[in-house]
Amino acid sequence: MADVKLHPSWLEPLQSEFASPYMAALREFLVAEKAAGKRIFPAGGEWFRALDLTPLQDVRVVILGQDPYHGEGQAHGLCFSVRPGTRIPPSLVNIYKEMEADLGIPRARHGFLEHWAEQGVLLLNAVLTVQMSMAASHQGRGWERFTDAVIRLVNAKQEPVVFLLWGSHAQKKAAFVDSIDKGGRHLVLKAPHPSPLSAHSGFSAASTSRRRTNSL
């Protein structure tokens, strides 16, 4: 992939993935999509932005998303994050609400999370590209195999890492992680997805509190 840009700490251990037949097929698919005039997000130079901003040795937390935002001017290679000046997506609004309620961190007025990535939070989508206005349009093309390899590299780290797995998709994808409850070293925290469609079922501390009260 001509526009590959990622930190050397990832590039070397992922060389075999980039050289594999499935990645060649993915490359051909993306080239064909562009040739057909389809708009792909994010821009080619940002497909691996998460791996460029957060070196492998610096990963302290992993947050998994599904695929990039498919609206104009939103995606830039980090899950849940949008470019400066873009309206904060509802899922990120709920994340900010919980950070404020639980930790007292005031809600940011923007949705640009590069400062998280630079502090060791790997903001990784399972699928790294999407066609404009077509959610999940690039699923099953090979990205999932590549991001599984990324997660395996983090799982192999000797230093403990926190995995925040929101929603069933993320929980299934990272099911092989050596978590503390399986005798491993990584802390795996699970919750419903922060989307407004599911946050009420347990992502929100307030909704969890209401359910506990109602059950008394």
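Heavy-atom basis, side chains included; hydrogens, waters and symmetry copies ignored.
- There is no side-chain donor-acceptor pair under 3.5 Å between Ser137 and Lys38.
- In terms of modelled atom types and a separation under 3.5 Å, the side chain of Asn94 and the main chain of Pro194 share a donor-acceptor contact.
- Proximity of Phe146 to Phe18: side-chain heavy atoms (C-beta onward) are separated by under 4.5 Å at one or more points.
- Grouping the Ile, Leu, Val, Met, Phe, Trp and Tyr side chains by contacts below 4.5 angstrom, directly or via other members, places Leu128 with Leu30.
- Taking OG from Ser195 and CD from Gln66, the interatomic distance works out to 9.5 Å, rounded to the nearest 0.5 Å.
- To the nearest 0.5 Å, atom CG of residue Asp102 and atom NZ of residue Lys97 are 15.5 Å apart.
- Separating the CD1 atom in Ile180 from the NZ atom in Lys182 is a distance of 12.0 Å, to the nearest 0.5 Å.
- Of the candidates Gln131, His70, Glu72, Arg39 forms a side-chain hydrogen bond (donor to acceptor under 3.5 Å, both in side chains) with just one, namely Glu72.
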Go through the steps for Leu189 and Leu165 under the test side-chain contact (heavy atoms from CB on, under 4.5 Å), then give the verdict. CA-CA 6 Å; Leu189 302 176; Leu165 307 181; over 6 Å; no
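- Phe29 and Met134 fall into different hydrophobic clusters, where Ile, Leu, Val, Met, Phe, Trp and Tyr are joined by side-chain heavy atoms under 4.5 Å apart, directly or via other members.
- Partners of Tyr22 according to the ring-ring contact (aromatic ring centres under 6.0 Å, His included) rule, which considers only residues two or more places apart in sequence or in another chain, do not exist here.
- Using a 4.5 Å heavy-atom cutoff, the side chains of Arg60 and Val162 are not in contact.
- At least one donor-acceptor pair closer than 3.5 Å links the side chain of Gln171 to the backbone N or O of Ala191.
- Between the side chain of Asn125 and the main chain of Gly77, no donor-acceptor pair closer than 3.5 Å is present.
- For Asp58, there are no salt bridge (charged side-chain N to carboxylate O under 4.0 Å, His left out) partners at least two apart in sequence or on another chain.
- The aromatic rings of Phe80 and His193 sit tilted, their planes meeting at an angle between 30° and 60°.
- In this structure, Asp181 and Val188 have side chains that are not in contact, with every pair of non-hydrogen atoms separated by 4.5 Å or more.
- By the 4.5 Å heavy-atom criterion applied to side chains, Ile63 and Leu124 are not counted as neighbours.
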Pair Leu153-Leu14, side-chain contact (heavy atoms from CB on, under 4.5 Å): steps then yes or no: CA-CA 9 Å; Leu153 287 174; Leu14 290 170; 3.7 Å; yes
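- Between the Thr86 side chain and the Arg83 main chain, a donor and an acceptor come within less than 3.5 Å of each other.
- No path of Ile, Leu, Val, Met, Phe, Trp and Tyr side chains, each step under 4.5 Å between heavy atoms, connects Val31 with Ile40, placing them in separate hydrophobic clusters.
- A heavy-atom distance below 4.5 Å is not found between the side chains of Trp166 and Leu64.
- By the criterion of side-chain heavy atoms lying less than 4.5 angstrom apart, applied directly or through intervening Ile, Leu, Val, Met, Phe, Trp or Tyr residues, Leu197 is not grouped with Phe203; the two fall into different hydrophobic clusters.
- No side-chain donor-acceptor contact under 3.5 Å links Glu12 to the backbone of Ser9.
- Across every non-hydrogen atom of Ser81 and Tyr69, the tightest pair is O-CE1, 3.4 Å.
- Between Pro89 and Val82, the shortest heavy-atom distance links the atoms CG-CG1, 3.5 Å.
- When all heavy atoms of Pro196 and Pro90 are compared, the pair lying nearest together is CG-CB, 3.4 Å.
- In this structure, Pro68 and Ala75 approach most closely via the heavy-atom pair CB-CB, 3.8 Å.
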Would you be so kind as to tabulate the donor-acceptor pairs closer than 3.5 Å made by side chains of residues 50-57, with sequence neighbours excluded?
{"unit_1": "Asp52", "atom_1": "OD1", "unit_2": "His7", "atom_2": "N", "d": "3.3"}
{"unit_1": "Asp52", "atom_1": "OD2", "unit_2": "Lys5", "atom_2": "NZ", "d": "2.7"}
{"unit_1": "Thr54", "atom_1": "OG1", "unit_2": "Ala117", "atom_2": "O", "d": "2.8"}

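- Glu98 CD to Ile105 CD1: the interatomic distance, rounded to the nearest 0.5 Å, is 12.0 Å.
- Closest approach of Arg152 and Glu17 over heavy atoms only: NH2-OE2, 4.3 Å.
- Sorted by first and then second residue, the side chain to side chain donor-acceptor pair (under 3.5 Å) pairs with a member in residues 106-120 read Arg49-Glu114, Glu100-Arg107; sequence neighbours excluded.
- Judged by distance alone, the side chain of Trp47 and the main-chain N or O of Thr129 form no donor-acceptor pair under 3.5 Å.
- In this structure, the side chains of Val61 and Leu122 stay at 4.5 Å or more apart for every pair of heavy atoms.
- Here Arg185 pairs with nothing under the salt bridge (charged side-chain N to carboxylate O under 4.0 Å, His left out) rule; sequence neighbours left out.
- Shown here are the ring-ring contact (aromatic ring centres under 6.0 Å, His included) partners of Phe163, two or more places apart in sequence or in another chain: His186.
- For the atom pair CD (Glu33) and CZ (Arg141), the distance works out to 7.0 Å, reported to the nearest 0.5 Å.
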So Asp67 and Phe41, side-chain contact (heavy atoms from CB on, under 4.5 Å) or not? Walk me through it. CA-CA 10 Å; Asp67 61 347; Phe41 298 143; over 6 Å; no
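- The two residues Ala126 and His169 make their nearest non-hydrogen contact at CB-CE1, 3.7 Å.
- By the 4.5 Å heavy-atom criterion applied to side chains, Val121 and Leu113 are not counted as neighbours.
- Atom OG of Ser179 sits about 9.0 Å away from atom CG of Asn155, to the nearest 0.5 Å.
- Hydrophobic clustering, with ILVMFWY side chains joined whenever heavy atoms are under 4.5 angstrom apart, keeps Tyr96 apart from Phe112.
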